[in-house]
Amino acid sequence: MKDKNIFFGPLANEETNLFNRRMNWCPEDTVDEKYLEYLRPHSKVYFSRLRPMFSFEVKSLESLNQFSHVLFRDGLVFLLRFFQRYREPSKLKCKIYIHESFRWVVPKSWQENIELYQIVESTDPNTVSPKKQKPNELNLIIDLHDKTLDYRKLDGLSHYEAIRIIPFLNVLRGEDFLDYERSTQLHVIERVKNILGPALSYQLSSWSELIGSDLKGASFLNLGERGAFYSDSALSHTLLSKGAHGIEYKKGGENLISLSPYHSFELLSFDLDGEYREVNEVLYHDLDFPTGPAFTSEPSLERGVEDYFKVHYYSTGLLDLCEYLIKKRR
């Protein structure tokens with residue numbers, strides 16, 4: 001077990017207090033505002049001893065040396081951009097936690113600075129395990145604007161008798177007047193129905209209706225989690241903390257940092273196991289990340305721009321590539 005003083009000792013409390021005063025050392029700018037808004041409600045701030053943030057919020061690596069560790073909530077596109085921005089860790093002392101499913105993205109030069117995490121459900125016998133309220137109903141969270149969704153997550157779910165769909169159709173700030181035709185996004189729901197089976201009972205629901213309902217023992221799947229945009233969703237944490245069961249999460253584990261009576265972060269040491277070696281080879285050998293031609297068209301990061309329409313953190317080409325890599329990963 002890792003030394004828990006790293007997370008709970010007096011120095012840890014001091015670091016956490018500083019981290020929570022982020023405007024003092026990492027003031028929010030147009031880039032942060034645009035993409036944090038785009039990722040709502042998944043990007044909502046929550047408290048954890050692991051100090052969660054998105055890598056695009058990092059203004060300089062030196063600023064992270066105020067902390068022994070932080071956690072990146074990133075999906076694939078933001079991790080790729082981070083390691084492209086910072087090719088070497090330089091004199092970085094801070095350990096960075098990323099989701100274990102993205103270990104294959106880490107450059108060799110960064111591996112000593114990276115630790116891994118995953119979210120697990122509680123197996124504590126003292127935790128009340130209520131009977132399932134609606135064992136045959138699945139709450140399905142879909143980001144309709146995410147073109148990189150991996151629909152293979154839906155395989156094997158046709159046994160559910162009822163699907164409650166909670167859709168999000170976010171638009172990047174500054175681009176809300178573009179592309180009024182939304183049929184492409186709405187077709188996502190039809191595609192989901194075709195995969196799961198048109199004979200099932202479907203119901204559209206809002207985020208507020210979902211959170212306000214009795215979730216103890218209910219099942220949910222966040223279709224966008226560990227995809228292009230985020231690996232750590234505040235919405236998923238909320239559902240888990242209310243006793244819901246995430247069908248993609250493992251049980252128990254070691255080296256746990258509790259988040260609620262029902263779920264925890266499990267901390268893992270970095271290694272590149274055989275499961276991810278193939279996609280690592282594709283990224284670093286076939287595509288020659290981060291300097292290969294597939295990555296040379298990324299926009300330069302200009303923090304001082306106040307026109308949201310002119311703020312771009314990644315290209316549409318990178319999103320297309322992420323869809324390919326996400327499918328390669330599994």
Side-chain angles (χ1 to χ4, degrees), residues 35-46 52 54 73-75 77 99 101 119 121 130 132-173 176 182-249 259-260 262-263 323 326:
Y35 291 99
L36 289 172
E37 180 182 84
Y38 184 58
L39 299 179
R40 288 177 183 168
H42 311 291
S43 60
K44 184 179 178 181
V45 175
Y46 69 93
F54 286 91
R73 306 175 65 183
D74 297 359
V77 67
H99 195 275
S101 63
I119 299 169
E121 294 185 329
K132 289 188 175 182
Q133 306 293 318
K134 297 178 180 179
N136 294 319
E137 179 181 279
L138 175 66
N139 296 285
L140 184 59
I141 300 163
I142 306 177
D143 299 297
L144 300 178
H145 55 277
D146 186 351
K147 298 178 181 179
T148 69
L149 295 176
D150 191 338
Y151 293 94
R152 288 174 295 179
K153 288 186 175 185
L154 300 172
D155 292 344
L157 300 182
S158 58
H159 63 281
Y160 286 99
E161 296 176 1
I163 307 290
R164 179 160 65 165
I165 297 176
I166 301 90
F168 295 97
L169 183 51
N170 296 356
V171 180
L172 282 165
R173 189 189 295 193
D176 47 304
R182 303 300 185 197
S183 62
T184 301
Q185 289 89 345
L186 295 177
H187 286 163
V188 171
I189 295 178
E190 294 303 315
R191 183 173 180 180
V192 167
K193 289 182 178 181
N194 289 334
I195 294 172
L196 292 177
L200 296 179
S201 171
Y202 294 94
Q203 173 190 350
L204 288 178
S205 184
S206 68
W207 172 50
S208 58
E209 289 173 332
L210 174 66
I211 297 300
S213 61
D214 183 1
L215 293 168
K216 288 184 178 179
S219 296
F220 77 93
L221 171 63
N222 186 342
L223 199 58
E225 208 159 27
R226 300 186 298 282
F229 295 113
Y230 59 90
S231 56
D232 178 53
S233 164
L235 178 54
S236 293
H237 284 307
T238 299
L239 300 181
L240 289 164
S241 67
K242 288 178 173 287
H245 164 58
I247 64 175
E248 287 194 299
Y249 300 124
L259 289 161
S260 79
Y262 301 104
H263 76 301
E323 182 178 14
I326 287 167

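Computed from a predicted model, the values in this text were never measured in an experiment. All residue numbers in this chain count up from 1 along the given sequence.
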Can you check whether [X] reaches [Y] side chain to side chain, under 4.5 Å on heavy atoms?
X	Y	result
Leu144	Ile189	yes
Ile166	Arg164	yes
Leu210	Phe220	no
Leu240	Leu259	no
His263	Ile119	yes
Ile165	Ile142	yes
Ile141	His42	yes
Tyr160	Ile247	yes

Would you give the length of the straight line joining atom [atom1] of [X] to atom [atom2] of [Y], rounded to the nearest 0.5 angstrom?
X	Y	atom1	atom2	result
Leu169	Leu186	CG	CG	6.5 Å
Gln203	Leu140	CD	CG	12.5 Å
Leu196	Leu154	CG	CG	5.0 Å
Ile211	Trp207	CD1	CH2	6.5 Å
Arg40	Leu36	CZ	CG	7.5 Å

Any donor and acceptor pair, going by atom type alone, linking the side chain of [X] with main-chain N or O of [Y] inside 3.5 Å?
X	Y	result
Ser213	Leu215	no
Lys153	Glu225	yes
Ser201	Ala162	no
Arg226	Asp232	no
Asp155	Leu157	no
Glu137	Glu161	no
Ser231	Arg73	yes
His145	Asn170	yes

* Asked: Is the Tyr38 ring parallel, tilted or perpendicular to the Phe229 ring (thresholds 30°, 60°)?
  -> perpendicular

Taking all non-hydrogen atoms of both residues, which atom of [X] and which atom of [Y] are closest, and how far apart?
X	Y	result
Pro41	Phe168	CD-CE2, 3.5 Å
Ser236	Tyr249	CB-OH, 3.5 Å
Pro167	Ser205	CD-O, 3.4 Å

* Excluding sequence neighbours, so at least two apart, what forms side chain to side chain contact (heavy atoms under 4.5 Å, CB included) with Ser158? ->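 Listed in chain order: nothing, the list is empty.
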
* Quick one: list whatever passes side chain to side chain donor-acceptor pair (under 3.5 Å) with Asp146, sequence neighbours left out. => Thr148

* To do: Could you go through the side chain to side chain contact (heavy atoms under 4.5 Å, CB included) check for Tyr46 and Thr238 one step at a time?
  => CA-CA 10 Å; Tyr46 69 93; Thr238 299; over 6 Å; no

* Lys193 charged N/C atom sitting above Tyr202 aromatic ring, 6.0 Å / 45° ->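 The answer is yes; both the distance and angle limits are met.
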
* Only one of Leu235, Asn222, Asp74 clears side-chain contact (heavy atoms from CB on, under 4.5 Å) with Tyr230; which? -> Asn222

